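One structure below.
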Amino acid sequence: MSTTTEAAEPASTVDLPESTGGGITTFDITLKVRRYIPEFSDEARWDEWTITMQGTDRVLDALHKVKWELDGSLSFRRSCAHGVCGSDAMRINGRNRLACKTLLKDLDTSEPITVEPIKGLPVEKDLIVDMEPFFQSYREIMPFMIANSPAPSAERYQSPEDRERFDDTTKCILCAACTSSCPVFWTDGQYFGPAAIVNAHRFIFDSRDDAGDMRLEVLNDKEGVWRCRTTFNCTDACPRGIEVTKAIQEVKTAILTRAA
Amino acid sequence: MSTTNTPAAFPATSLEAPRSGRIDPKYLRSKTSSGSFEMAAWVFMRLSGIALVVLIFVHLWVNLMSGGGIAQIDFGFVAGKWANPVWQFWDLVMLWLAMLHGANGMRTIINDYAEKDSTRLWLKTILVLGAAIIVVLGTLVIFTFEPCMLDAAGEQLPRAVCPS
Ligand code: HEM
Ligand code: SF4
Ligand code: FES
């Protein structure tokens, strides 16, 4: 126990200038959204709104502003609004991003900001796509632990090194940004896709799991890892910064060394 | 993770999202797995690629850079090379690897771009036939090459090797 007396903290260290209204700048943006409303038309179209936003706002805030104040029919998914749930992956200025993690100030606000649904999955309405094909691939790689040994009375121990081995791929939030950025997935949608491989990787390299070989066999399929052409779109798209392409290569190597 | 707004760099923004209505979004993955064929093809592309770098660049250097350079290539130059079993073997391996590598690469592209199984089958049939004809013809040429060649007028081709 230290007995030194600590100096009292000063009340506030930040002086906000009156004129800036708290230091937050505002600017006008044009939001250009790909609309598809099957009740009215089979054709998709672009809608544009010019709105005033703040320097701290994200693309999601701009979508909210449109939906809440200008056009309530605009449809998109979002849940957590903080990059955790993986609901709001969309194609922003041609790149797959989470709307809730993309700050408007990081985009070129002198041009319209384009927002489209992620590609390769059937569009249901506006920015909402049918995620079922994506989750079907995910289910197929058995994303749950399969252990042969009987469950111990306490937890299953794992060394920090063994835990580190698959740490990167535990971070996936299943947003589908990677899979829907992959040109191989775009072609006919039968490729398992990066996300399924990332989540297989998470268990294949988990020392507590015993079904790695079964997952490798699933991914040795005609539509499995060998369709990957190392485009790196997935790594660029992942909002969690997962090294997706590297994980896919590690699964390829695991299949090769298992077969050898 | 920066996103910059340069529409010109992303012409794809104006393209329709694939399979929004056009192709059945259903899951069509066939249950009949082709064993480890795709794995073998993947390994072959890499191994043949490494071999082709050596084969092709030595081939280009010997033909176009060394000796008399690009001007040296005529019938006699080819005849001279194929009199040597090393170059016969070199060109044979290059022919087979490049054709198998190229044909397998085209197979990948057909799998990507063809949408119907029947289209795939047709394109692959043409591909396999084409590749087989070129490989067989090429192999025949390398081994049955006739170094003494006369033109239509009965004159010897430039530097053709004929018994005098
Ligand atoms: C110079 C040495 C070469 C190297 C190192 C090389 C390497 C490769 C590799 C590694 C791939 C697989 C790419 C992937 O799976 O993502 C590939 C694909 C391909 N290669 Fe080669 N290759 C070479 C020469 C050739 C030649 C001479 C041809 C034509 C006869 C050719 C035609 C193709 C085609 C059509 C593909 C498929 C492209 C695609 O997957 O989109 N390559 N090459
Ligand atoms: S790997 Fe990244 S981009 Fe892909 S689904 Fe998971 S979080 Fe999203
Ligand atoms: S809304 Fe949950 S990740 Fe963006």
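Everything numeric in this text was worked out from a predicted model, so none of it was measured.
A/Lys222 and B/Glu38 get closest at one heavy-atom pair: CA-CG, 3.8 Å.
Other residues, nucleotides and ligands place more than 12 heavy atoms under 6.0 Å from the CE atom of B/Met45. Other residues, nucleotides and ligands place more than 12 heavy atoms under 6.0 Å from the CG atom of B/Leu129. In the displayed structure, B/Phe89 atom CZ is contacted under 6.0 Å by at most 12 heavy atoms of other residues, nucleotides or ligands. Within 6.0 Å of OH on B/Tyr113 lie no more than 12 heavy atoms contributed by other residues, nucleotides or ligands. Within 6.0 Å of CZ on B/Phe57 lie no more than 12 heavy atoms contributed by other residues, nucleotides or ligands.
Note that CG of A/Asn220 and CH2 of B/Trp42 are 11.5 Å apart. Values are rounded to the nearest 0.5 Å. A distance of 5.5 Å separates CE of B/Met39 from CG of A/Leu256, quoted to the nearest 0.5 Å. Between the CZ atom of A/Arg258 and the OG atom of B/Ser36 there is a distance of 7.0 Å, given to the nearest 0.5 Å.
At a threshold of 4.0 Å, the pair A/Asp188-B/Lys116 does not count as salt-bridged, since none of the basic side-chain nitrogens sits closer than that to a carboxylate oxygen.
At least one side-chain heavy atom of B/Asp112 sits under 4.5 Å from a side-chain heavy atom of A/Arg229.
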